[in-house]
2 protein chains.
Amino acid sequence: MENIISKYKDKGIRLTPQRIAILKFLEGNTDHPAAEDIYRKVRRRYPTISFATVYNTLQTLTEKGDLLEITIDPTRRHYDPNTTPHHHIVCTDCNEIMDVFVDYSDVLTLPSHVLREFKPVGNHVDFYGVCRKCQKKKGGEN
Amino acid sequence: MENIISKYKDKGIRLTPQRIAILKFLEGNTDHPAAEDIYRKVRRRYPTISFATVYNTLQTLTEKGDLLEITIDPTRRHYDPNTTPHHHIVCTDCNEIMDVFVDYSDVLTLPSHVLREFKPVGNHVDFYGVCRKCQKKKGGEN
DNA sequence: CTCTTATATTAGAATTATTCTAATATAGGG
DNA sequence: CCCTATATTAGAATAATTCTAATATAAGAG
Ligand SMILES: [Mn+2]
Ligand SMILES: [Mn+2]
Ligand SMILES: [Zn+2]
Ligand SMILES: [Zn+2]
């Protein structure tokens, strides 16, 4: 818990109570929260926190390389504190996002005509599927 | 050109001049336009067209399975009239999007603990890279 | 410990993409 | 040619994100 503080002290990011609360919420969080999820949680302890602070902090962390923006939900940006490269599977029904820790880099080869136009630097796979909960729901509907 | 009309007449989509203009703009378009790109183009011939018409038409086409929404740019939705499954590479600098027509399904295998939670229905790979134009620009900066 | 200041926080306004509304127009079948 | 279910429209509404400018504070220097 307290090592979050030492971890970020070095990085040259100024540690305010609001930021520490955000960092604690994100630490180990595997839910891929959106800004509002973070805002709602942190506001419980810091009722005057502003959305601007949440967005500013998320942007700072992203710039420092300690947070990833997930562009998988067209309606809002989600955030992922796990910056080791990995992929996601999303429920087409409820939008739940689950991690997929497999490195597909070796098999994701690009055709030469693409390589002629682009110098690749990374990849990310979005899997789509139906989560167990939604499979049950759908079964019941029929 | 005229076969667009016959193609969609069957599908039970009512063909208005505005819709035909949108369909013609999308036909074979490989630029992955956003709603505003479509609006701006079609407005040249139909100056009174509304954004609502553009969005309604895009939604209708998506529902009929003749258009794909591309969730790769966090600031706006892009659309792809090519509905055969394929992937994309995006320039991290200028956001240009290029198609990648390779079927990776066989090699994108999921771990069993993920398969226990999700019944997969599809996948999409986002490649990131730097396009030739931006490679030159960046080279010049240094 | 106190001072200083660069940086962070805040409320609220601004911006922007997308959706909604309700009045009007029209595609296309009969 | 008529009818009506469906499409178009202007503009308002909504919602995510960004911006602004005033105030507060973290943390390094002394
Ligand atoms: Mn993740
Ligand atoms: Mn494409
Ligand atoms: Zn689900
Ligand atoms: Zn580029």
Side-chain angles (χ1 to χ4, degrees), chain A residues 2 4-23 25 32-64 66-79 95, chain B residues 2 4-23 25 32-64 66-79 95:
Chain A
E2 290 308 300
I4 296 181
I5 293 174
S6 45
K7 178 182 172 190
Y8 285 99
K9 232 174 205 164
D10 305 337
K11 300 232 173 191
I13 146 170
R14 196 174 275 189
L15 285 174
T16 66
Q18 295 87 343
R19 280 184 172 179
I20 293 168
I22 292 171
L23 289 167
F25 177 70
H32 308 89
E36 200 191 342
D37 301 320
I38 298 162
Y39 173 71
R40 277 212 302 265
K41 180 66 194 305
V42 174
R43 198 175 42 158
R44 300 222 284 255
R45 194 180 297 265
Y46 298 96
T48 68
I49 196 173
S50 151
F51 253 113
T53 297
V54 174
Y55 278 110
N56 288 343
T57 301
L58 294 175
Q59 186 182 319
T60 301
L61 292 173
T62 301
E63 282 164 0
K64 299 276 182 200
D66 292 308
L67 188 65
L68 293 178
E69 297 188 349
I70 305 295
T71 305
I72 201 171
D73 173 354
T75 69
R76 50 178 45 76
R77 237 167 273 188
H78 292 254
Y79 295 88
N95 296 310
Chain B
E2 290 307 303
I4 297 179
I5 293 173
S6 44
K7 178 181 172 190
Y8 285 97
K9 232 173 205 167
D10 304 337
K11 301 233 175 194
I13 144 170
R14 197 175 274 190
L15 286 173
T16 66
Q18 294 89 342
R19 279 183 173 179
I20 292 167
I22 293 172
L23 289 169
F25 177 70
H32 308 88
E36 198 189 346
D37 302 317
I38 299 162
Y39 173 72
R40 278 211 302 265
K41 180 67 195 307
V42 172
R43 197 175 43 159
R44 299 221 286 257
R45 196 182 294 267
Y46 298 97
T48 67
I49 196 173
S50 150
F51 252 113
T53 297
V54 173
Y55 277 111
N56 287 342
T57 301
L58 294 174
Q59 187 182 319
T60 301
L61 292 173
T62 302
E63 281 165 2
K64 298 276 182 199
D66 291 308
L67 187 67
L68 292 179
E69 298 188 348
I70 305 295
T71 305
I72 201 170
D73 172 355
T75 70
R76 52 184 34 79
R77 238 167 273 189
H78 291 255
Y79 294 88
N95 295 310

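All chains are named by letter (A, B, ...) in the order of the sequence lines, taking the proteins before the strands, and each is independently numbered beginning at 1.
A close approach under 4.0 Å does occur between a side-chain nitrogen or oxygen of T16(A) and OP1 or OP2 of dT9(C). Side-chain N/O atoms of Q18(B) include none lying less than 4.0 angstrom from OP1 or OP2 on dT26(C). Contact between the side-chain N/O atoms of R19(A) and the OP1/OP2 oxygens of dT9(C) is found at a separation under 4.0 Å. Phosphate proximity of dT10(C) to T53(A): present, with a side-chain N or O under 4.0 Å from OP1 or OP2.
With hydrogens and angles disregarded, no donor-acceptor distance shorter than 3.5 Å links the side chain of T53(A) to the backbone of I49(A). Under the 3.5 Å distance criterion, the side-chain polar atoms of R77(B) are left unmatched by any main-chain donor or acceptor of T71(B). Judged purely by atom type and a 3.5 angstrom limit, H32(B) has no side-chain atom pairing as donor or acceptor with the backbone of H78(B). In terms of modelled atom types and a separation under 3.5 Å, the side chain of R19(A) and the main chain of T57(A) share no donor-acceptor contact.
The number of heavy atoms from other shown groups lying within 6.0 Å of NZ (K9(A)) does not exceed 12.
A salt bridge is absent between K7(A) and D10(A): the closest approach of a Lys/Arg side-chain nitrogen to an acidic carboxylate oxygen does not fall below 4.0 angstrom.
Each end of the helix from dC1(C)-dG30(D) to dG30(C)-dC1(D) gets its own axis, taken as the rotation carrying the C1' atoms of four end pairs onto the next four within a five-pair window, and the two axes meet at 30° to the nearest 10 degrees.
The separation between Y39(A) atom OH and dA16(D) atom P is 13 Å, rounded to whole Å. Spacing between atom CZ of R14(B) and atom P of dT26(C) amounts to 12 Å, rounded to whole angstrom units. R40(A) places its CZ atom 13 Å from the P atom of dA15(D), with the value rounded to the nearest Å. The separation between L58(A) atom CG and dT17(D) atom P is 10 Å, rounded to whole Å. As a whole-Å value, the separation of I22(A) CD1 from dA8(C) P is 12 Å. Taking atom CG of residue L15(B) and atom C1' of nucleotide dA5(D), one finds them 15 Å apart after rounding to whole Å. Going from atom OH of Y8(A) over to atom P of dA8(C) covers 15 Å, rounded to whole Å. Atoms CG (D37(A)) and P (dA16(D)) sit 10 Å apart, rounded to a whole Å.
In plain terms, the two heavy atoms of V42(A) and A21(A) that are nearest each other are CG1-CB, 3.8 Å.
For the ring pair (Phe, Tyr, Trp, His ring centres under 6.0 Å) with Y39(B), the qualifying choice from Y55(B), Y79(B), F51(B) is F51(B), the only one to do so.
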If you restrict it to nitrogen or oxygen atoms, what contacts under 3.5 Å exist between nucleotides 17-23 of chain C and the protein, and what is each distance?
| from | atom 1 | to | atom 2 | distance (Å) |
| --- | --- | --- | --- | --- |
| dA17(C) | OP1 | R76(B) | NH2 | 2.1 |
| dT18(C) | OP1 | R77(B) | N | 2.8 |
| dT18(C) | OP2 | Y55(B) | OH | 2.5 |
| dT18(C) | O5' | Y55(B) | OH | 3.2 |

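Contact of the L23(A) side chain with the L15(A) side chain is registered, since non-hydrogen atoms from C-beta on lie closer than 4.5 Å.
Backbone-only contact: P17(B) has heavy atoms under 4.0 Å from sugar-phosphate atoms and none from a base.
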